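Start at 1 and go down the list; that is how both ligands and their atoms are numbered. What you see is a predicted model; the values in this text were computed from it and never measured.
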Amino acid sequence: MTDIDPRTYSPEGTHLEGRFVLVTGAGAGIGRAVARAFAAHGARVGLLGRKIEPLESLYDEIVTAGGPRPSIATMDLATANGPAYFELADSIEKEFGRLDGIVHNAGILGVRSPIAHYDVGTWTEVLHVNLTAAFVMTQTLLPLLQASADASIIFTSSGVGRQGRAYWGAYAVSKFGTEGLSQVLADELSATPIRVNCINPGRTRTAMRRAAYPGEDPLSIAAPEDIVAPYLYLMGRDSRGVTGQSFDAQ
Ligand code: NDP
């Protein structure tokens with residue numbers, strides 16, 4: 001297990017067969033590529049996002065490619081309340097009877113601004129979507145994950161969640177919080193089969209990256225499809241026992 005490099009991990013196509021995993025923010029960017037890769041490796045995937053159209057088009061792509069039929073859940077993490085999370089847990093239990101993993105991928109950038117002028121409402125929203133929603137979802141779905149023999153929780157970090165940088169404001173703070181949440185939870189679950197880790201995707205060609213770096217040549221950075229290897233590694237059996245770590249996808 002120790003000689004595997006998660007960044008170049010390349011498992012066989014049936015690697016995730018029999019598993020049901022949830023990916024948040026599955027409609028676009030990194031979440032879409034990760035959900036597609038999980039399905040290509042045999043997982044049934046719960047596609048969670050706030051808009052139905054991109055989730056439906058991903059559903060069609062997965063089925064057309066011969067992957068296991070996914071499931072769609074629309075949920076706006078900025079506004080979802082307690083009952084919405086319990087409904088999600090109920091529908092997973094009724095439809096699949098299991099949950100083997102979650103990728104907390106959904107996130108927003110907020111604004112690039114000095115702390116001195118950072119808008120308080122934007123601050124609250126970014127912290128809520130990027131951090132609090134992942135906490136509430138994990139808490140609500142934990143009983144289902146505890147029933148799995150081999151569950152994996154993946155949080156999404158960032159370089160600015162490990163070393164603060166000017167003007168990254170609430171986004172950076174939310175990612176520091178995400179690293180902290182992942183470590184605390186990993187420690188609490190260390191005596192269980194549930195593993196908890198973070199992935200920092202690194203510079204990746206998505207709408208969020210374009211918003212943060214409008215002048216950058218998109219072709220100079222990795223496409224979402226290029227960085228799925230560590231997600232496949234952490235969601236599959238080869239990472240059993242790996243917990244409390246933070247990985248770089250590039
Ligand atoms: P995108 O903006 O391309 O995708 C973000 C996804 O999150 C979209 O599917 C979006 O849905 C969803 N989302 C946003 N807000 C909500 C909400 N309120 N409720 C439900 N879903 C929501 O970003 P990336 O793919 O680039 O980012 C994915 C993750 O990777 C994020 O956590 C980001 O912080 C992290 N990351 C990205 C890097 C990069 O270079 N791209 C670098 C480091 C970290 P919708 O389509 O409806 O907006």
| task | Using the six-membered ring wherever Trp is involved, compare the ring planes of Tyr118 and Trp123 and label them parallel, tilted or perpendicular (cut-offs 30° and 60°). | result | perpendicular

| said: Using a 4.0 Å heavy-atom cut-off, which part of Ser157 comes near ligand 1: side chain, backbone, both, or neither? | reply: backbone

| Is the closest N or O pair between Ser158 and ligand 1 shorter than 3.5 Å? | no

| query | Where on Asp76 is there a heavy atom closer than 4.0 Å to ligand 1, on the side chain, on the backbone, on both, or on neither? | reply | both

| ligand 1-proximal atoms of Arg203, by part, heavy-atom distance under 4.0 Å | backbone

| Do protein heavy atoms approach atom 10 (C) of ligand 1 to less than 4.0 Å? | no

| Do the rings of Tyr233 and Phe247 sit parallel, tilted or perpendicular, given the 30° and 60° boundaries? | perpendicular

| Short N/O distance, under 3.5 Å, between Thr206 and ligand 1? | yes

| task | For the residue pair Thr206 and Ile30, establish whether any side-chain heavy-atom pair is separated by less than 4.5 Å. | result | yes

| Side chain or backbone of Thr204 under 4.0 Å from ligand 1, or both, or neither, by non-hydrogen atoms? | both

| Touching ligand 1 at all, Lys175? Heavy atoms, strictly under 4.0 Å? | yes

| message | Do Arg32 and Ser57 have side chains that approach each other closer than 4.5 Å (heavy atoms only, starting at C-beta)? | response | yes

